[in-house]
Chemist: 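Structure in structure tokens, see below.
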Amino acid sequence: MSRRWLLPGLAAGSDLALLVMRLLAGSFLIYQSQDNVFSAERMQVFVDFCRAAGIPLPHIGAPLSVWCQFLAGIALALGAGTRLAGLSLVPNFLVGFWFVHAAGPVPGWWPPLALVGMGLVFATIGAGRFSVDAGLARG
């Protein structure tokens with residue numbers, strides 16, 4: 001039986017696909033967190049939102065979450081420290097999912113759970129060939 005239907009030739013584009021996914025995820029994370037990073041007023045709004053959502057220690061967790069997203073976004077876009085950046089997304093967005101999205105409609109689950117999934121992919125697969133990580137590994 002032929003295995004051509006498995007499309008093995010597409011594997012040649014896996015590094016490019018990882019680059020695109022890193023750039024999409026990284027730019028999204030930077031975009032959604034930068035206002036809180038650069039504005040104390042916007043950060044306070046997020047702290048208040050976390051408090052209202054019942055997230056424990058919002059005065060610590062909110063800035064930690066924002067900075068995690070911002071720095072992970074930069075790391076993913078560059079492909080620098082990709083496994084650690086990916087790993088940091090998992091608990092961050094699981095908490096967001098649990099406290100903010102889980103009780104809501106299923107379509108609202110997508111953004112946080114997609115970022116959990118992407119975090120797992122980056123943590124386990126890494127950045128791919130087109131990255132700072134790959135350059136450092138080559139030495």
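Any value given below was found using the heavy atoms of this structure, including those in side chains, with hydrogens, waters and symmetry copies removed.
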Chemist: Can you measure from CH2 (W98) to CD1 (I55) and round to the nearest 0.5 angstrom?
Modeler: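 Atom-to-atom, W98:CH2 and I55:CD1 are 13.0 Å apart.
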Chemist: If every non-hydrogen atom of P112 is compared with every non-hydrogen atom of H101, which pair is closest and at what distance?
Modeler: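 Taking P112 first and H101 second, the nearest heavy atoms are CG-CD2, 3.5 Å.
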Chemist: Following the transitive rule for hydrophobic clusters with a side-chain heavy-atom cut-off under 4.5 Å over Ile, Leu, Val, Met, Phe, Trp and Tyr, establish whether I74 and L115 coincide in one cluster.
Modeler: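 Not linked; separate clusters.
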Chemist: I need the S14 OG to L19 CG distance, nearest 0.5 Å.
Modeler: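 Here the rounded value is 11.5 Å.
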Chemist: To the nearest 0.5 Å, what is the distance between OG (S27) and CG (L76)?
Modeler: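 Separation between the atoms: 10.0 Å.
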Chemist: Heavy atoms only: give me the nearest R129-D15 pair and the separation to one decimal.
Modeler: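 Shortest heavy-atom contact: N-OD1, 2.9 Å.
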Chemist: Would a hydrophobic clustering, with Ile, Leu, Val, Met, Phe, Trp and Tyr connected at side-chain separations under 4.5 Å, put F93 with V100?
Modeler: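 No; tracing contacts between hydrophobic side chains, which count when under 4.5 Å, never links both residues.
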Chemist: Is there a path of hydrophobic side-chain contacts, each under 4.5 Å between heavy atoms of I/L/V/M/F/W/Y residues, joining V37 to M43?
Modeler: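 Looking at the clustering, V37 is in the same group as M43.
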Chemist: For N36, enumerate each residue passing the side-chain hydrogen bond (donor to acceptor under 3.5 Å, both in side chains) test, keeping only those at least two apart in sequence or located in another chain.
Modeler: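 Applying side-chain hydrogen bond (donor to acceptor under 3.5 Å, both in side chains) to N36 gives none.
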Chemist: I need the minimum non-hydrogen distance between L18 and A127, along with the two atoms involved.
Modeler: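 Reported closest heavy-atom pair: CB-O, 3.7 Å.
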Chemist: Can you tell me how far CZ of R22 sits from CZ of F130, rounded to the nearest 0.5 angstrom?
Modeler: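 It comes to 9.5 Å.
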Chemist: Taking all atoms of both residues into account, what is the closest heavy-atom pair of V47 and P63, and its distance?
Modeler: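 Reported closest heavy-atom pair: CG2-CD, 4.3 Å.
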Chemist: Compare all side-chain heavy atoms of F46 with those of D35 and state whether any distance is below 4.5 angstrom.
Modeler: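 A side-chain contact under 4.5 Å is absent here.
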Chemist: For F122, is there any backbone N or O sitting under 3.5 Å from a side-chain donor or acceptor partner on R83?
Modeler: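 Not at all, since once roles are kept as given, no pair shorter than 3.5 Å links the two residues.
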Chemist: Are the side chain of S33 and the backbone N or O of L29 linked by a donor-acceptor pair below 3.5 Å?
Modeler: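 Side chain of S33 to backbone of L29, a donor-acceptor pair under 3.5 Å: yes, one is there.
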Chemist: Show the nearest heavy-atom pair for residues D133 and G81, with the distance to one decimal.
Modeler: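 Shortest heavy-atom separation between D133 and G81 comes out as OD1-N, 2.7 Å.
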Chemist: Is it possible for you to say whether L87 and M118 belong to one hydrophobic cluster, with membership spreading through side-chain heavy-atom contacts below 4.5 Å?
Modeler: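 As far as the 4.5 Å side-chain criterion goes, M118 and L87 are not connected within one cluster.
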Chemist: Are V116 and L24 connected, step by step, through hydrophobic side chains (Ile, Leu, Val, Met, Phe, Trp, Tyr) whose heavy atoms are closer than 4.5 Å?
Modeler: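 No, V116 and L24 fall in different hydrophobic clusters.
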Chemist: Once side-chain hydrogen bond (donor to acceptor under 3.5 Å, both in side chains) is applied, do any residues pair with S88, and if so which ones, sequence neighbours excluded?
Modeler: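 Scan of S88 (side-chain hydrogen bond (donor to acceptor under 3.5 Å, both in side chains), adjacent residues dropped) gives none.
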Chemist: In Å and rounded to the nearest 0.5 Å, what is the OG1 to CD1 distance from T82 to I125?
Modeler: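 It is 12.0 Å, given to the nearest 0.5 Å.
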Chemist: To the closest 0.5 Å, what do you measure between CZ (R42) and CD (Q34)?
Modeler: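 These two atoms lie 9.5 Å from each other.
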Chemist: Taking all non-hydrogen atoms of both residues, which atom of G54 and which atom of F99 are closest, and how far apart?
Modeler: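 Closest heavy-atom pair between G54 and F99: O-CE2, 3.3 Å.
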Chemist: Once you measure the plane-to-plane angle for F70 and W67, does it fall in the parallel (<30°), tilted (30-60°) or perpendicular (>60°) bin?
Modeler: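 The arrangement is perpendicular - the two ring planes meet at more than 60°.
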